[in-house]
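The figures here come from the full heavy-atom set of this structure, side chains too, leaving out hydrogens, waters and symmetry mates. Whatever order the structure lists ligands and atoms in, that order sets their numbers, starting from 1.
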Amino acid sequence: MSDFVSTKRHGNVALVTIDNPPVNALSFHVREPLMQALVSLRDEPSVAAIVMACAGRTFVAGAEITEFGKPAQQPDLRAIVAVLETIAKPTIAAIHGTALGGGLELALGCHFRIADRTARLGLPEVKLGLLPGGGGTVRLPRLVGPLKALSMIASGTPIGAAEALAAGLVDAVFDGDLTAQAVSFASETAAKGGPFTPVRDRNDRLDRADLPAFDKEMAALAAKARGLEAPIAGAQSVRNALMLPFDEALAAERALFVTLVGGDQSRAQRHLFFAEREAAKIPGKDFGKRKIARVGVIGAGTMGGGIAMAFANGGFPVTLLETTQEALQRGLATIDKNYGVSVTRGSLSEDARRERLDLFRGSTDYADLADCDLIVEAVFEEMAVKKEVFGRLDAVAKSGAILATNTSYLDVNEIAASASRPQDFLGMHFFSPANVMKLLEIVRADKTSPDVLATIVDLARRIGKVPVVVGVCHGFVGNRMLAARGSELETLLLEGATPRQVDQAFTDFGWPMGPFRMGDLAGLDIGWRNRKARRQTAVIADALCEQGHFGQKTGSGFYRYENGSRAALPNPEVEALIRDKAAEKGVALRAIGTDEVIERTLYPMINEGAKILEEGIAARASDIDVVWVNGYGFPVGKGGPMFWAGLEGVDKITRRLDHWHGQTGKDIFRVASRLRRMAETGSWDAVAS
Ligand code: T1G
């Protein structure tokens with residue numbers, strides 16, 4: 001046998017164990033010995049049943065993603081499953097941790113699947129821009145029906161063991177020693193005698209009466225796919241399972257898989273899979289982590305309340321501090337309401353709501369923060385207010401407590417200086433709503449100690465956030481690049497584009513919404529207040545706000561909204577305002593196409609990303625991609641701005657930036673040296689020659 005696959009006999013039951021840490025991915029060095037083991041046990045008369053299990057923390061979590069795009073090595077997963085289905089004696093997959101992708105497909109090759117009560121089972125390939133390529137789209141519907149299979153494959157979200165049992169995906173759920181229970185399940189099953197039907201031959205759940213409902217779901221899926229190919233391919237393949245003979249549907253699945261795995265979208269999403277994990281790694285020596293048992297949050301407003309919920313959702317007791325009882329009760333009431341909405345939607349049980357609310361302790365007394373290991377400030381975005389808060393906090397917080405500011409723009413080093421423990425200080429920039437948005441920009445201040453940084457990066461993952469470590473600068477990574485992306489928006493309007501044309505260019509690109517629609521939704525008055533505070537202007541948006549047009553909430557902004565509806569209608573008043581402002585400034589009208597919109601918004605954003613890398617504000621180009629995909633809705637199928645630059649062509653981007661710099665003289669178009677180097681070397685990380 002091999003280091004990765006071992007076989008042990010328990011009487012007439014053979015236990016095959018896969019051991020390929022950390023997640024038992026089905027790498028070639030696993031597949032080969034696994035195939036040999038199965039063939040020899042199939043043909044070994046003294047073996048009455050075969051159990052397949054995994055060592056370590058999880059069952060097989062999928063194919064080896066790093067092998068995609070490389071020449072395939074045989075046997076592949078399909079060949080192993082095909083051999084499994086030639087085995088007449090009962091085969092049982094014993095699932096603990098996660099059975100994902102190729103791992104679940106391997107289990108679908110067995111006659112029976114049993115699971116630990118905490119196990120999760122799913123086909124998440126769509127999150128990698130793929131569809132299951134090992135027969136999952138053809139075998140899963142045979143067990144759970146086409147509609148359930150469609151929802152599992154289109155969402156990619158794993159289901160729990162209890163749900164899998166109810167759906168017919170697993171045959172039994174156990175607590176305790178799963179391997180022992182699997183062996184006795186196997187020997188009892190063998191004793192009962194066959195025949196044992198492979199999943200491929202089970203057609204009773206394939207009911208064509210489901211077709212109308214299925215096609216309706218498929219149409220809804222297509223409507224919200226926003227250009228992503230994988231969800232559609234997955235749905236089509238499940239439909240094939242319903243309509244075609246098994247082997248034809250399997251071949252069709254393969255063809256779809258081969259197309260997707262070679263495509264840019266899957267390359268982009270596989271890039272993001274590893275980029276998210278890379279972002280959580282802090283280069284250099286491990287300085288250990290501090291213990292976090294209780295968290296304090298100062299400010300129970302929208303951000304503070306969301307942050308407090310994020311920690312409670314992660315199981316942490318939270319002390320929520322406000323200046324007055326009235327403000328505190330208002331904040332706690334909002335939190336209660338938000339949990340209530342989740343219960344109503346069915347995404348949270350009543351018990352879980354109760355458990356989470358029990359984790360909150362409200363207070364108006366700073367002294368009640370003395371037992372907190374981490375205290376996050378989320379008060380009004382004004383330097384004097386922040387300094388006053390940390391001055392008071394410094395007096396009560398225990399030694400070794402970590403102090404964090406949720407500022408999105410202010411100088412984190414300056415705030416850190418308002419307390420006597422800069423080594424225990426950093427920024428934690430959450431995104432609104434903080435209990436929902438996954439991104440967390442962790443701002444390393446000049447004196448932040450390495451163990452504080454490591455503690456907060458680890459904590460972020462434990463509360464389900466995607467952490468990215470960034471340096472101190474105005475707007476950190478996300479907002480700084482957002483400003484560069486937005487700097488030409490008004491000029492584009494003055495020169496002839498309409499808000500709808502610009503937004504259409506963005507939604508065609510794959511964004512959920514364009515910048516003008518987003519502005520109207522968030523409220524134009526927020527940007528207006530920020531601009532006034534920083535003595536900046538935006539000709540059109542300022543004029544709109546001076547007239548009280550703040551967007552959707554006032555029924556008028558860049559678009560019109562009738563009777564409180566969300567439908568964005570053209571706003572002739574705005575178009576007239578834009579024409580007047582253009583005339584005032586002597587700006588000539590001309591036709592502006594989608595390409596130009598993208599060139600003058602996304603190219604400067606990538607250029608700003610290059611400057612951010614030059615300055616070391618971000619450690620990797622892939623970190624920037626993780627920020628934009630998880631915090632700003634950058635289309636996953638394009639991999640993030642820095643990855644997309646490679647798809648778009650960095651030569652073209654530098655050429656067009658030079659063109660616009662020549663035309664306008666604007667600094668946002670002046671090509672950063674790091675971008676030029678990327679154009680020459682093809683790598684963001686290439687060092688200067
Ligand atoms: N291949 C290669 N490496 C993998 C991997 C995989 N499938 N899964 C995880 N890793 C690495 C990961 O990069 C990290 O490495 C380490 O393992 C720990 O992971 C034919 C086409 C299982 C829920 O999509 O969702 O099967 O950073 O940090 O938070 O149809 O990993 O330490 O160097 O994420 O505990 C389908 C992917 C593949 C599941 C565990 N499967 N994995 O989460 O640990 S496509 C997936 C996960 C497929 C077939 C198709 C999670 C996890 P490093 P981690 P975790």
### Message
Taking the six-membered ring for Trp, are Phe4 and Phe28 closer than 6.0 Å centroid to centroid?
### Response
no
### Task
Under the side-chain contact (heavy atoms from CB on, under 4.5 Å) rule, collect the residues that match up with Thr179, sequence neighbours excluded.
Leu15, Asp177
### Query
Name the residues in contact with ligand 1, where contact means a heavy atom under 4.0 Å away: which are they?
Pro22, Val23, Ala25, Arg57, Ala61, Gly62, Ala63, Glu64, Ile65, Phe68, Leu100, Gly101, Gly102, Glu105, Pro124, Glu125, Leu128, Pro132, Gly133, Gly134, Phe257, Phe273, Phe274, Arg277, Lys281, Arg461
### Task
Any side-chain hydrogen bond (donor to acceptor under 3.5 Å, both in side chains) involving residues 53-62? Give me the pairs, sequence neighbours left out, ordered by first then second residue.
Thr58-Thr98
### Task
For residues 618-629, pull every pair meeting side-chain hydrogen bond (donor to acceptor under 3.5 Å, both in side chains), keeping only residues two or more places apart or in separate chains.
His271-Asp625, Arg620-Asp623
### Query
What is the ring orientation for Phe316 with Phe311, classed by angle as parallel under 30°, tilted 30 to 60°, or perpendicular over 60°?
perpendicular
### Query
Are any of the side-chain nitrogens in Asp175 or Arg117 under 4.0 Å away from the carboxylate oxygens of its partner?
yes
